[in-house]
Structures are given as C-alpha cells and as structure tokens.
Amino acid sequence: LSLFAYILPLNDLPKLWDCILTQPPNFVFFVATQLVVKFRDKFLRYDFDQCLGFIKNVMPSQIDLDECLPTAQQHLESQPFSITATDYITEEEARTVRTQGSRPWDFGMTIGEAEVLPVPFVMVHEVLDLEDLPILLDTRKNADYEHEHHEQAVLLALNRKNELDDNQVQYLSHLKNADKLKV
C-alpha cells in the first residue's frame, strides 16, 4: 500500500500522511473518495488504459490537498458514529446489554457480529437524532420497526434473501423520480 505516494508530489506526502495517521483508520477511504469524486468525469470518459495514464501523469498536478483534506474530514464527521467507529463492545458487554433487553444496534456490536454483516449499519439512537430527513428507508424486520423507528421512516423489509419485492422496487423508483430519494 503506497498511501498515494504514486499520485502525489513528494512534498505533499508528509501533509497527507500526517492527516491520515492522526485520523480514524478509515479516513484514507474518505480521501480516496474525494479524489474519485473530483475526477469522476474523466474516469467515466476514459478507458482503463487512459485512466491509468491520467492517474500517473496528469492527476498529481491537479490534486489540491488544501481542498481535498478538509472536504474528506467534513464527510467523515458527517457520518453516523456507528459507521465510522472502530471500537467494539466485548462479548461480556454484549451479554449484559442483551440481558437488559437491548438489541445490538442500540449500543454497539462485537467484532464477530461486525464481521458477518454485509454492510455497516446506523444505530437507532443516531437516526432518531437526525433532522431534515427527506425519507429514511428502514430495512429491518417488521417487529424491530414497530418497536422503534424514526417518524419519517418508511419500512421496506427485505425478504429472506435480503431482496426487495417488485412493489418495493416500484416504490423506490417513484421516490427517485420525484426527487425525494438520493441514491
């Protein structure tokens, strides 16, 4: 892993590495995402070989770390803590929490639980604190949704194969066409 050493001038690397090493471990992904977003149009226009040439020869002179790093930091901070956190609860803490009737997404999860999840999830208390949500799609089971959900949430319970049915897909298409859903 070169940590951007091939695409940045050497005099920019200490500044970038300083930022990466003082931030949470996943900050590097936010930096990389910022670079992809910045050069998205070029990546979409070019074929693979042209993209490699662009990354190696042109992109280094067009990267502005003073713009990229604060934006990456802003995106990192805008994510719910449970998405960006690297701290997990112990198995003993999990047993204690669950004997009190709480669910894993209320307070945290163990490393083992995190390893089997296909994607990160947002904890319920984080969602309940959000404001100005146009629409929140909740894909939990019906019982979990009924127990507690955000007032603006729409239940789209997944089937056993973690898929949506045809009516749910049609509803999502309607939301996207009405510009109420950002994908």
Side-chain angles (χ1 to χ4, degrees), residues 1-88 109 111 114-123 126-127 130-139 152-154 156 158-159 161-166 168-183:
L1 183 63
S2 66
L3 284 177
F4 305 101
Y6 286 105
I7 64 166
L8 283 174
L10 285 177
N11 60 333
D12 285 345
L13 287 177
K15 180 178 186 175
L16 174 65
W17 290 351
D18 186 48
C19 257
I20 289 174
L21 295 173
T22 59
Q23 296 294 331
N26 57 358
F27 181 69
V28 69
F29 298 112
F30 288 88
V31 173
T33 301
Q34 280 309 115
L35 294 176
V36 169
V37 168
K38 179 176 175 72
F39 299 109
R40 178 182 187 270
D41 293 336
K42 289 182 174 74
F43 291 145
L44 291 174
R45 265 192 320 224
Y46 296 160
D47 65 23
F48 182 76
D49 291 331
Q50 289 173 315
C51 283
L52 288 179
F54 174 76
I55 290 169
K56 184 178 178 186
N57 302 317
V58 180
M59 196 169 146
S61 65
Q62 296 183 1
I63 295 174
D64 180 2
L65 286 182
D66 292 330
E67 175 189 322
C68 177
L69 294 177
T71 306
Q73 179 69 36
Q74 181 182 15
H75 286 294
L76 172 72
E77 291 172 358
S78 71
Q79 301 302 309
F81 178 73
S82 57
I83 298 282
T84 58
T86 55
D87 294 333
Y88 298 97
M109 67 179 99
I111 290 175
E115 288 174 347
V116 298
L117 288 174
V119 295
F121 64 88
V122 180
M123 292 184 192
E126 293 172 328
V127 174
L130 293 175
E131 297 177 10
D132 299 327
L133 285 175
I135 291 183
L136 176 69
L137 301 177
D138 192 329
T139 59
Q152 292 174 278
V154 175
L156 287 177
L158 301 176
N159 63 23
K161 295 180 182 178
N162 285 332
E163 300 170 336
L164 297 172
D165 66 32
D166 291 339
Q168 292 168 321
V169 171
Q170 185 178 6
Y171 178 68
L172 288 174
S173 178
H174 166 73
L175 291 176
K176 182 156 177 51
N177 291 336
D179 204 28
K180 292 184 177 182
L181 179 66
K182 304 291 184 213
V183 181

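Quick note: residue numbers are just sequence positions, from 1. Here the structure is a predicted model, which means the values were calculated and not measured.
Under the side-chain contact (heavy atoms from CB on, under 4.5 Å) criterion, Thr33 pairs with Val37, not counting sequence neighbours. In this structure Ala32 satisfies the side-chain contact (heavy atoms from CB on, under 4.5 Å) test together with Phe4, sequence neighbours excluded. Leu52 meets the side-chain contact (heavy atoms from CB on, under 4.5 Å) test with Phe48; sequence neighbours excluded. For Asp66, the salt bridge (Lys or Arg N to Asp or Glu O under 4.0 Å) partners are Lys15, not counting sequence neighbours. Residues satisfying the side-chain contact (heavy atoms from CB on, under 4.5 Å) test with Gln73, not counting sequence neighbours, are Gln23, Phe27, Leu76, Glu77.
To the nearest 0.5 Å, atoms CD1 (Ile20) and CG (Asn26) are separated by 11.5 Å. The structure places CZ of Phe54 at 6.5 Å from CE of Met59, a figure rounded to the nearest 0.5 Å. Taken from SG in Cys68 to CD1 in Ile63, the straight-line distance is 7.5 Å, to the nearest 0.5 Å. The distance from atom CG of Leu13 to atom CG of Asp18, rounded to the nearest 0.5 Å, is 12.0 Å. One distance of note links CH2 of Trp17 with CG of Asp12; it measures 11.5 Å at 0.5 Å rounding.
Leu44 CG: more than 12 foreign heavy atoms inside a 6.0 Å radius.
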- Item | Derivation and outcome, side chain to side chain contact (heavy atoms under 4.5 Å, CB included), residues Thr71 and Lys38 | CA-CA 11 Å; Thr71 306; Lys38 179 176 175 72; over 6 Å; no
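Within the 4.5 Å cutoff, the side chain of Leu8 has no heavy atoms near those of the Pro60 side chain.
Within the structure, side-chain hydrogen bond (donor to acceptor under 3.5 Å, both in side chains) contacts touching residues 40-64 (residues at least two apart or in different chains) do not occur.
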